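Working notes for the structure below.
None of the values given here were measured: they were computed from a predicted structure.
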Amino acid sequence: MTPFGAKLRLLRAERRITLRAMAAALDISPAYLSALEHGRRGAPSPGLIHQICEKFGLIWDDAHDLADLARVSKPKLRLDSAGLTPEQTALANRFARRLRHLPPATVAAIDTLLREGEDPIVS
């Protein structure tokens with residue numbers, strides 16, 4: 001599940017809106033909405049994000065936060081290792097193989113480490 005999909009599902013559940021009703025309100029198929037929520041589809045278009053914000057009454061920071069989640073919700077990642085050192089390439093491959101099996105505390109620790117010194121606007 002992607003961060004965007006998890007948030008979308010939470011918003012829908014909090015408001016007790018069925019997947020079918022939500023899909024109908026957005027004029028998309030229930031299958032597509034389910035795929036978004038479960039991370040089988042990439043981020044939706046800006047127009048669909050806007051529709052979702054309108055449906056849930058999200059404005060300002062909440063709407064911006066949802067759009068940010070969509071930007072970081074790519075279910076299929078690709079890493080170009082050209083120009084990386086052999087050690088960096090090996091680390092990236094090892095990380096890709098093990099990520100699914102890392103405990104939540106380890107994921108949180110890695111995330112904290114990677115965010116250190118990061119530009120908050122880019123994240």
Side-chain angles (χ1 to χ4, degrees):
M1 186 173 282
T2 63
F4 177 82
K7 181 65 174 181
L8 181 58
R9 190 172 205 174
L10 176 67
L11 289 168
R12 195 171 54 73
E14 287 174 346
R15 289 159 176 82
R16 294 192 167 110
I17 301 172
T18 67
L19 188 124
R20 286 191 185 280
M22 182 73 180
L26 297 173
D27 199 28
I28 59 175
S29 74
Y32 176 68
L33 182 57
S34 177
L36 277 176
E37 286 187 1
H38 288 92
R40 293 187 303 271
R41 292 296 299 261
S45 69
L48 183 55
I49 295 169
H50 179 75
Q51 283 181 272
I52 292 167
C53 289
E54 283 186 340
K55 173 70 177 163
F56 291 129
L58 303 179
I59 58 172
W60 305 106
D61 290 345
D62 292 332
H64 181 73
D65 290 347
L66 188 67
D68 282 347
L69 287 176
R71 278 191 283 282
V72 298
S73 292
K74 298 174 184 172
K76 294 182 181 180
L77 305 175
R78 183 193 271 171
L79 175 71
D80 180 3
S81 64
L84 296 180
T85 66
E87 294 80 13
Q88 289 169 322
T89 300
L91 174 63
N93 281 286
R94 195 167 34 261
F95 185 72
R97 283 192 309 274
R98 303 264 327 268
L99 179 59
R100 182 177 309 274
H101 308 289
L102 294 176
T106 302
V107 172
I110 293 169
D111 187 52
T112 299
L113 180 66
L114 292 175
R115 287 177 186 267
E116 287 179 6
E118 185 177 78
D119 183 353
I121 295 173
V122 177
S123 63

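Contact detail for S81 and T89: the closest heavy-atom pair is CB-OG1, 3.6 Å. Looking at every heavy atom in both residues, A43 comes nearest to A70 through CB-O, 3.0 Å. Closest approach of P3 to L69, counting heavy atoms only: CB-CD2, 3.7 Å. Contact between E37 and M1 at its shortest, heavy atoms only, is O-CG, 3.2 Å. In terms of heavy atoms, P30 sits closest to R20 at CG-NH1, 3.8 Å. In terms of heavy atoms, L19 sits closest to L33 at O-CD2, 3.4 Å.
In D27, the CG atom is not crowded: 12 or fewer heavy atoms of neighbouring residues, nucleotides or ligands sit closer than 6.0 Å. Within 6.0 Å of atom CZ in R12, more than 12 heavy atoms from other residues, nucleotides or ligands are found, so the atom counts as buried in its surroundings.
Contact check for R15 versus K55: no side-chain heavy atoms found under the 4.5 Å cut-off. Y32 places a side-chain heavy atom less than 4.5 Å from the side chain of L48. At least one side-chain heavy atom of F4 sits under 4.5 Å from a side-chain heavy atom of I52.
The structure places NE2 of H64 at 4.0 Å from CG of D68, a figure rounded to the nearest 0.5 Å. In this structure, the separation between CG on L11 and CG on D62 is 8.5 Å, given to the nearest 0.5 Å. With values rounded to the nearest 0.5 angstrom, M22 atom CE is found 13.0 Å from R9 atom CZ. Interatomic distance, I110 CD1 to L99 CG, rounded to the nearest 0.5 Å: 7.5 Å. One finds the CZ atom of R71 at 10.0 Å from the CG atom of L66 (value rounded to the nearest 0.5 Å).
Just one of I28, L26, I49 meets the side chain to side chain contact (heavy atoms under 4.5 Å, CB included) condition when paired with P44; it is I49.
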